[in-house]
Amino acid sequence: MEFTEFDLDSTIMAGVSNAGYVTPTPIQAQAMPHALKGRDVMGLAQTGTGKTAAFVLPILNRLIKSRNRRVRALIIAPTRELAEQTREAARSLGKKTGLRSVSVYGGVNIKPQIQKIRSGVEIVVACPGRLLDHIGQATISLKHLEVLVLDEADRMLDMGFLPDIRKIIKHIPSKRQTMLFSATMPDDIRKLANDVLKDPVTIQIDHKKPLNTVAHALFPVRQHLKTGLLRALLRDINSESVLVFTRTKHRAKRVGLMLQKDGYSAASLQGNLSQARRQEALDGFRAGKYQILVATDIAARGIDVSCISHVINYDIPDTADAYTHRIGRTGRAAKNGDAFTFVTDEDKDMVLSIERVLKEKVERRTLEGFDYNKPKPSRNIEFSRPPRARQAKRTNSSKKASSARVWTKVPAAKRGANVRKSFSRVVRTSGK
Ligand code: AMP
């Protein structure tokens, strides 16, 4: 199948060609013919499958028939990053259409959003909380809305957004097209789908399995050796851009700083950062300014950076679904990628649950030359905090100096210049 078969407006086809899309992905091939006819769609698809264009292109094709600067399409997304990314897709695919869009989320000044909406936009990509603020302040009108998209609905459920979504829907005309995308289908999402979709077509894209362009492996390791293993892996892999996931914000920050000290261009992305710094980290990673991004799960879903060569789970995620989402950050849109997960003895149950969901055993690997028997130091210097008594006395400004002192105790590691070696030469496979 080719994009030309959808009979999209020529201005939209210009955007498709400009994005370099030739063949529709399975979710596009299956969902778009229905979406273009105005049908409601329930899409069970994980990120990386091309689902954004599967709803953005039909929206553009519908709206272009009358550009009237009223809000006619609303896409609700769980995170600011995903909202920004989806808006960017709408902007670039619709570049020649003359349609206007805005992204609306919290953590930034509301005034520019109000001005943009007032100036006239057809497409709004919003996070639920800030959208409700706009509705409450009457700075947005949804009464002309024709299309509603709920993207990553299961993630919105996890984040506790369902009540907000139900409130928002009360302000939207009931005569509309609705598309709901979710990677999983827990009962609450099924119920929401029943309430908001009318006679939908359901499209399911192999949502449990990681993309088959991803090779993934587990690296059994003791907790105190994870940092050393990360450093050793980074030195040995042929990495273009690496996304490292940690369980906590604190650890994302620490690992990011450590890698910077090692000489890598690295940034961290975690919820304690201001929106401006989150965006800077993400944009810098996307543009290649940062080779390594260390992130908590806020970056796991929806974030589209097309050239991630490796995902490294410094900590195993909490659910099997989160695992497939995280490793879905690499190998997107038919590029190959590797995903490595550090696992400790305590992670055994989670490994079993991941393997049960994937219906396959994940390969175990060891890194040749790495000392897996190194004893645990009496105190883990890299991640230890200053003693409590000293901590309590510190002022805010001395806090920074003290955490820097912790870092100077990290043994000088080799710089990250020799990352171009072939990974296959240094990794021994220990069977499936
Ligand atoms: P998504 O799942 O929407 O986040 O998309 C994942 C990646 O696939 C993005 O980088 C898209 O630009 C890219 N993509 C979407 N559709 C196509 C297509 N038909 N051909 C090639 N790449 C695509």
Side-chain angles (χ1 to χ4, degrees), residues 44-49 154 183-184 204-234 236-247 251 255 292-297 299-301 303 305 308-370 372 422-432:
L44 280 158
Q46 66 184 68
T47 52
T49 53
D154 50 350
T184 55
Q204 177 159 356
I205 304 292
D206 202 13
H207 67 286
K208 285 288 189 192
K209 287 219 167 197
L211 304 179
N212 53 16
T213 47
V214 180
H216 53 132
L218 304 179
F219 280 77
V221 64
R222 283 147 73 204
Q223 183 67 31
H224 71 278
L225 296 177
K226 280 184 174 179
T227 306
L229 183 61
L230 177 66
R231 283 177 155 143
L233 260 181
L234 288 172
D236 288 320
I237 57 181
N238 186 12
S239 60
E240 280 165 42
S241 75
V242 187
L243 182 52
V244 178
F245 283 108
T246 63
R247 184 165 293 142
R251 201 171 281 173
V255 173
I292 305 173
L293 186 68
V294 188
T296 54
D297 264 316
R301 306 269 305 237
I303 301 312
V305 179
I308 294 174
S309 59
H310 294 79
V311 166
I312 301 180
N313 289 320
Y314 185 98
D315 298 308
I316 199 168
D318 292 335
T319 63
D321 272 343
Y323 178 81
T324 56
H325 285 298
R326 280 190 188 181
I327 76 167
R329 304 302 84 229
T330 185
R332 291 161 79 80
K335 291 195 177 80
N336 290 322
D338 288 323
F340 304 140
T341 303
F342 294 175
V343 291
T344 65
D345 278 349
E346 285 167 21
D347 299 329
K348 269 184 186 143
D349 287 348
M350 185 43 65
V351 169
L352 280 178
S353 128
I354 289 169
E355 291 182 330
R356 214 173 297 128
V357 167
L358 300 180
K359 296 193 179 73
E360 65 186 31
K361 198 160 166 59
V362 183
E363 181 190 340
R364 268 70 167 168
R365 286 190 196 172
T366 51
L367 181 61
E368 212 164 78
F370 182 74
Y372 283 91
S422 159
F423 183 69
S424 56
R425 275 187 287 146
V426 289
V427 173
R428 170 160 42 84
T429 303
S430 61
K432 287 219 165 195

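In this structure, Thr296 contributes its side chain and Arg247 its backbone to no donor-acceptor pair below 3.5 Å. Side-chain N or O atoms of Tyr323 include none that pairs as donor or acceptor with a backbone N or O of Val351 at under 3.5 Å.
In this structure, Pro220 and Arg364 approach most closely via the heavy-atom pair CG-CG, 4.0 Å. Contact record, Leu367 with Ala232: CD2-CB, 3.5 Å, taken as the closest heavy-atom pair.
Within the 4.5 Å cutoff, side-chain heavy atoms of Leu229 are placed close to those of Tyr372. Side-chain contact between Gln223 and Asp345 is absent, with no heavy-atom pair separated by less than 4.5 Å. The shortest side-chain heavy-atom distance between Ile354 and Ile316 falls under the 4.5 Å cut-off. With contacts defined as side-chain heavy-atom distances shorter than 4.5 Å, the pair Thr341/His216 does not qualify.
Of the candidates Thr246, Thr227, Asp315, Asp315 is the only one forming a side-chain hydrogen bond (donor to acceptor under 3.5 Å, both in side chains) with Arg251.
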Show your reasoning for whether side-chain contact (heavy atoms from CB on, under 4.5 Å) applies to Tyr314 and Val294. CA-CA 9 Å; Tyr314 185 98; Val294 188; over 6 Å; no

Does the side-chain contact (heavy atoms from CB on, under 4.5 Å) test come out yes or no for Lys226 and Thr344, once each step is laid out? CA-CA 9 Å; Lys226 280 184 174 179; Thr344 65; 3.8 Å; yes

For a side-chain contact (heavy atoms from CB on, under 4.5 Å) check, start with the C-alpha distance between Phe342 and Leu225, then their side-chain angles and the critical distance, and finish with the verdict. CA-CA 10 Å; Phe342 294 175; Leu225 296 177; over 6 Å; no

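To the nearest 0.5 Å, the span separating CG on Leu243 from CG on Asn313 amounts to 8.5 Å. Taken from CZ in Arg365 to CG in Asp338, the straight-line distance is 6.5 Å, to the nearest 0.5 Å. How far CG of Leu230 is from CD1 of Ile312: 5.5 Å, rounded to the nearest 0.5 Å.
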